Amino acid sequence: MGGVDCPREGLKEKRERALAILEALKRAYPGAKTELRHNSPFQLLVATVLSAQATDKSVNEATPALFARFPDAKALAEATPEAVEPYIRRIGLYRTKARNLVALARRLLEAHGGEVPRDKEALMELPGVGWKTATVVLGAAFGVPGIAVDTHVARLAKRLCLSRAKTPEGIGAELERLFPEEDQVFVHHALVLHGRYLCTARRPRCPACPLAPHCPSRQEG
DNA sequence: ATCCCGAGGG
DNA sequence: CCCTCTGGAT
């Protein structure tokens, strides 16, 4: 169960397979980018924090009203967590997230003039922002190369035998060695979409999968 | 390792 | 019912 028997494969061989996967991803998910609704780096940061252990769908249903009421860091910094909670209750983990978002907005004002910093260490000092969220925001908002590893990317990296690392940071570092810098942000979003809609956690749809020729874990229908 | 947490899928 | 969803903090 879950045990994927990966082929013995040299680095050169694995790199060639990674490039074949990249080409298939480009054909299947051209121009893949985040599906989180946002109109600014600030809104993308908030939406990404909200997306932790939640579906993008639930986040996108909540953010229009949230951003109408709290459009920027200043508005959110002046709020209380209790005032934010009703807007995000249906997302789950809502008390922690409401508290983090208000504290995050206040810190953005105090330390960064209300703007989203373009620096990973600075981002990770914000409440509710860890390595994954920081990497996603840098890539999606500012085009900084990097492969953020969430639940989908971790699952696919394992199934595709692209990494055996156990931590998200370790998997990300290995993936970044396999894919060209200029493609890394795309690879992240394409793998997320692929994991969300086809290579799902429970019942992956291998017969319909464009990556199947390059996937050691593929199963028959 | 555990907690936070609602909602949808199977 | 159980599992999963673009995790992070303790």
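The model shown is predicted, which means the values in this text are computed figures rather than measured ones. By convention in this document, chain letters (A, B, ...) are assigned in the order of the sequence lines, proteins followed by strands, and residues within each chain are numbered from 1.
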Walk me through it: do A:Cys6 and A:Cys161 pass the test disulfide bond (SG atoms under 2.5 Å apart)? CA-CA 6 Å; A:Cys6 290; A:Cys161 296; 2.0 Å; yes

Apply salt bridge (charged side-chain N to carboxylate O under 4.0 Å, His left out) to residues A:Glu61 and A:Lys57 and explain how you reach the verdict. CA-CA 6 Å; A:Glu61 286 169 2; A:Lys57 186 167 175 292; 3.2 Å; yes

Evaluate the side chain to side chain contact (heavy atoms under 4.5 Å, CB included) criterion for residues A:Val49 and A:Leu104: first the C-alpha distance (whole Å), next the side-chain angles of each, then the deciding distance (0.1 Å), finally the verdict. CA-CA 10 Å; A:Val49 169; A:Leu104 175 153; 4.1 Å; yes

Steps toward side chain to side chain contact (heavy atoms under 4.5 Å, CB included) verdict (A:Leu193, A:Glu35): CA-CA 9 Å; A:Leu193 292 180; A:Glu35 292 189 329; 3.5 Å; yes

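Using P as the reference atom, C:dT10 and B:dC5 are 14 Å apart when rounded to the nearest Å.
Side-chain proximity of A:Arg202 to the nucleotides B:dC5, C:dG7, C:dT4 is greatest for C:dT4. Checking B:dC4, B:dG9, C:dC5 against the side-chain heavy atoms of A:Thr55 singles out C:dC5 as nearest. Here the nucleotide nearest the side chain of A:Arg90, chosen from C:dC5, B:dG6, B:dC4, is B:dG6. Closest to the A:Thr133 side chain, of the nucleotides C:dG7, B:dC4, C:dC5, is C:dG7. Which of C:dC5, C:dG7, B:dC5 sits closest to the side chain of A:Ala201 comes down to C:dC5.
For A:Arg95 and A:Lys57, each mapped to the nucleotide of DNA chain B holding its nearest heavy atom, the one lying further toward the 5' end belongs to A:Arg95. Comparing A:Glu125 and A:Thr48 by the nucleotide of DNA chain C whose heavy atom lies nearest to each, the residue mapping closer to the 5' end is A:Thr48.
In this model, the phosphate group of B:dG6 is not approached by any side-chain N or O of A:Ser58 to a distance below 4.0 Å at OP1 or OP2. Between A:Thr151 and the phosphate of C:dC5, there is a side-chain N or O to OP1/OP2 separation shorter than 4.0 Å.
In this entry the distance linking CG of A:Asn100 with C1' of B:dC3 reads 13 Å, nearest Å. Rounded to whole angstrom, the span from the OH atom of A:Tyr87 across to the C1' atom of B:dG6 amounts to 19 Å. For A:Leu93 and C:dT10, the CG to P distance is 15 Å, given to the nearest whole Å. Between A:Leu50 atom CG and B:dC5 atom C1' the separation is 13 Å, expressed in whole Å. In this structure, A:Leu45 places its CG atom 15 Å from P of C:dG7, rounding to the nearest Å. Regarding A:Leu104, its CG atom lies at a distance of 14 Å from the C1' atom of C:dA9, rounded to whole Å. Atom NE2 in A:His152 sits roughly 7 Å away from atom P in C:dG7 (whole-Å rounding). The distance between atom CD of A:Glu85 and atom P of B:dG6, rounded to the nearest whole Å, is 11 Å.
Base engagement by A:Arg196 is indicated by at least one non-hydrogen atom pair under 4.0 Å involving a base atom. Using a 4.0 Å heavy-atom criterion, one finds that A:Ala54 contacts the bases of the nucleic acid, with or without backbone contacts as well. A:Thr34 comes within 4.0 angstrom of a nucleotide base, judged by non-hydrogen atoms across all strands. Within the nucleic acid shown, A:Arg155 comes within 4.0 Å of sugar-phosphate atoms alone, with no base atom in reach, counting heavy atoms only. Heavy atoms of A:Val153 sit nowhere under 4.0 angstrom from any nucleic acid atom. Counting non-hydrogen atoms under 4.0 angstrom, A:Ile88 reaches nothing in the nucleic acid.
Annotation: A:Glu16, atom CD; neighbour count of heavy atoms from other residues, nucleotides and ligands within 6.0 Å is above 12.
Looking at A:Glu23 and A:Arg27, no side-chain N of the basic residue comes within less than 4.0 Å of a carboxylate O on the acidic one, giving no salt bridge.
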